[in-house]
Each structure stands twice: as structure tokens, then as C-alpha cells.
Colleague: 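Dropping the structure in here first, questions after.
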Amino acid sequence: QVQLVESGGGLVQAGGSLRLSCAASGHIFSWYAMGWFRQAPGKERAFVAGISWSGLNTYVADSVKGRFAISSDFAKNTVYLQMNRLTLEDSAVYYCAQGKRLSAFGSEYDYWGQGTQVTVSS
């Protein structure tokens with residue numbers, strides 16, 4: 001079993017920054033992958049970024065590339081999502097997830113956190 005807890009969400013003005021954290025516990029292996037997804041009201045869940053626990057491989061969605069960055073600290077069992085130049089369209093609940101391989105598909109991930117709300121205001 002794996003437990004994932006997200007934190008760092010909140011209210012931020014457009015153009016601002018936030019850093020989300022995802023603390024993992026349980027069965028964590030360095031060859032597994034972590035992903036960040038988001039879901040806005042009335043929209044489907046969307047992939048944001050993913051990383052291998054080793055940090056050697058990353059994958060960032062085109063929609064946030066250049067603004068968001070993902071990183072991992074295996075020693076702390078924590079994955080981060082640094083979000084810069086936030087826009088109104090970035091408002092959503094952000095979820096972290098763990099899977100056996102790095103993928104943009106949510107079905108590839110076995111464990112999910114409860115999510116953290118990010119609200120960007122004008």
C-alpha cells in the first residue's frame with residue numbers, strides 16, 4: 001500500500017507561483033514513477049507532469065511546459081510541482097499519483113492522493 005498526501009495548494013493571484021508537495025509513504029520503489037494531474041470543475045482529469053522517483057526522467061504536458069517543473073526527493077519520499085506564472089486556467093484540484101511507469105495516462109497509476117485545491121484569481 002502507498003499513501004500520498006498533497007499540500008501547498010491555495011489562493012494565488014494570476015502571475016504568481018505555488019509549489020505543491022506530495023509526501024509518499026508505504027511501498028515506494030526508486031524505479032516507480034510519480035505524476036501530477038489536475039481536474040477543474042466540469043472538465044476531465046488532465047495530466048500535468050510526471051517523474052521517475054530517481055528524478056532521471058521527467059515528462060511535462062505541453063499546456064504547462066515552461067511554467068511548471070516537477071522534481072523529486074527520494075530521500076524525503078516527496079515529489080514537488082513548482083508552478084510559475086499561474087493563469088486562471090490553472091485553477092483546479094491537483095492530484096499526485098504513483099505508478100509503475102512514467103505515463104500521461106491516469107490508468108497507469110495505481111495510487112492517488114486526495115488532492116489539493118489551487119485557485120488562481122485575477
Side-chain angles (χ1 to χ4, degrees):
Q1 280 286 358
V2 174
Q3 294 78 42
L4 303 173
V5 179
E6 303 95 336
S7 61
L11 177 64
V12 62
Q13 283 193 323
S17 299
L18 279 176
R19 189 176 80 156
L20 305 183
S21 299
C22 174
S25 60
H27 292 160
I28 304 162
F29 300 100
S30 60
W31 57 89
Y32 279 18
M34 297 293 294
W36 283 100
F37 291 78
R38 67 185 181 185
Q39 187 166 21
K43 294 188 177 182
E44 293 187 354
R45 183 178 61 194
F47 172 78
V48 177
I51 189 169
S52 57
W53 266 117
S54 66
L56 295 177
N57 299 298
T58 62
Y59 179 23
V60 180
D62 288 343
S63 59
V64 301
K65 194 170 292 183
R67 298 190 299 121
F68 290 14
I70 188 170
S71 60
S72 63
D73 187 337
F74 188 66
K76 295 182 179 180
N77 290 345
T78 303
V79 175
Y80 305 97
L81 183 68
Q82 178 66 44
M83 306 186 296
N84 300 323
R85 302 198 306 277
L86 286 160
T87 71
L88 299 180
E89 289 69 35
D90 294 318
S91 293
V93 178
Y94 284 72
Y95 300 90
C96 70
Q98 177 174 285
K100 292 184 176 64
R101 68 184 193 98
L102 185 56
S103 171
F105 296 99
S107 58
E108 297 280 358
Y109 294 82
D110 302 312
Y111 298 97
W112 294 79
Q114 293 298 308
T116 185
Q117 177 72 48
V118 171
T119 302
V120 183
S121 64
S122 58

Colleague: Scan for ring-ring contact (aromatic ring centres under 6.0 Å, His included) pairs involving residues 85-104, sequence neighbours excluded, and state none if there are none.
Modeller: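 Qualifying pairs, neighbours excluded: none.
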Colleague: When S72 is tested against each of T78, T58, I51 for side-chain contact (heavy atoms from CB on, under 4.5 Å), which residue passes?
Modeller: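 Single pass found, and it is I51.
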Colleague: Side chains of W53 and Q98: any donor to acceptor distance under 3.5 Å?
Modeller: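 W53 and Q98 do have a side-chain donor-acceptor pair below 3.5 Å.
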Colleague: Would V48 end up clustered with L88 when hydrophobic side chains under 4.5 Å apart are linked, directly or stepwise?
Modeller: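 Same cluster: V48 reaches L88 through Ile, Leu, Val, Met, Phe, Trp or Tyr contacts under 4.5 Å.
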Colleague: Enter the distance from L86:CG to N84:CG here, rounded to the nearest 0.5 Å.
Modeller: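 Answer for the CG-CG pair, L86 versus N84, is 7.5 Å.
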Colleague: Let's go through V120 and T87 carefully: what are the C-alpha distance in whole Å and the side-chain angles of both, what is the deciding distance for side-chain contact (heavy atoms from CB on, under 4.5 Å) to 0.1 Å, and is it a yes or a no?
Modeller: CA-CA 6 Å; V120 183; T87 71; 5.7 Å; no
Colleague: Are the side chain of E6 and the backbone of C96 linked by a donor-acceptor contact shorter than 3.5 Å?
Modeller: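 Present.
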Colleague: With side-chain contact (heavy atoms from CB on, under 4.5 Å) as the criterion, how do F68 and W36 come out once you've worked through the C-alpha distance, each side chain's angles and the decisive distance to 0.1 Å?
Modeller: CA-CA 11 Å; F68 290 14; W36 283 100; over 6 Å; no
Colleague: Taking atom OG of S25 and atom CD of Q1, what is their separation to the nearest 0.5 Å?
Modeller: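 The CD atom of Q1 is 10.0 Å from OG of S25, to the nearest 0.5 Å.
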Colleague: Please step through side-chain contact (heavy atoms from CB on, under 4.5 Å) for the pair M83 and V118, ending with a clear verdict.
Modeller: CA-CA 10 Å; M83 306 186 296; V118 171; 3.9 Å; yes
Colleague: Under 3.5 Å, sequence neighbours excluded: what are the donor-acceptor pairs made by side chains of residues 101-111?
Modeller:
unit_1 : atom_1 : unit_2 : atom_2 : d
R101   : NE     : E108   : OE1    : 3.3
R101   : NH2    : E108   : OE2    : 3.0
S103   : OG     : F105   : N      : 3.0
Y109   : OH     : S103   : N      : 3.2
Y109   : OH     : S103   : O      : 2.5
D110   : OD2    : K100   : NZ     : 3.2

Colleague: Is there a side-chain contact (heavy atoms from CB on, under 4.5 Å) between R38 and S63? Walk through the geometry before answering.
Modeller: CA-CA 12 Å; R38 67 185 181 185; S63 59; 4.1 Å; yes
Colleague: Linking I/L/V/M/F/W/Y whenever their side-chain heavy atoms sit closer than 4.5 Å, directly or via other members, would L18 and M34 fall into one cluster?
Modeller: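 Yes: a chain of side-chain contacts under 4.5 Å links L18 to M34.
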Colleague: Can you name the closest pair of heavy atoms from A49 and L81 and give their distance?
Modeller: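 Closest approach of A49 to L81, heavy atoms only: CB-CD1, 4.1 Å.
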Colleague: If you count the non-hydrogen atoms of other residues, nucleotides and ligands that lie under 6.0 Å from CD in Q3, is the total more than 12?
Modeller: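 Enclosed: over 12 neighbouring heavy atoms sit under 6.0 Å from CD of Q3.
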Colleague: Kindly compute the distance separating CD (Q13) from OG1 (T119), expressed to the nearest 0.5 Å.
Modeller: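 So the gap between those two atoms works out to 13.0 Å.
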Colleague: Verify the neighbour count for atom CZ of F74: are there more than 12 heavy atoms of other residues, nucleotides or ligands below 6.0 Å?
Modeller: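 Enclosed.
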Colleague: How about W112 and F37: are their ring centres within less than 6.0 Å of each other?
Modeller: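 Here the rings of F37 and W112 have centres that are less than 6.0 Å from each other.
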Colleague: Would you say L20 and V60 are hydrophobically clustered, going by side-chain heavy atoms of ILVMFWY under 4.5 Å?
Modeller: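 L20 clusters together with V60.
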Colleague: Go through the structure and list residues passing side-chain hydrogen bond (donor to acceptor under 3.5 Å, both in side chains) with S52, not counting sequence neighbours.
Modeller: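 Counting only residues at least two positions away or on another chain, S52 forms a side-chain hydrogen bond (donor to acceptor under 3.5 Å, both in side chains) with S54.
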Colleague: Roughly how far apart are S121 OG and L11 CG, rounded to 0.5 Å?
Modeller: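 Between atom OG of S121 and atom CG of L11 there are 4.5 Å.
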Colleague: So, for A40 and A92, which heavy atoms are closest and what is the spacing to 0.1 Å?
Modeller: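 Distance-wise, the nearest heavy atoms are N-CB, 3.8 Å.
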Colleague: Starting at CZ of R67, measure out to OG of S17 and round the result to the nearest 0.5 Å.
Modeller: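 It comes to 10.0 Å.
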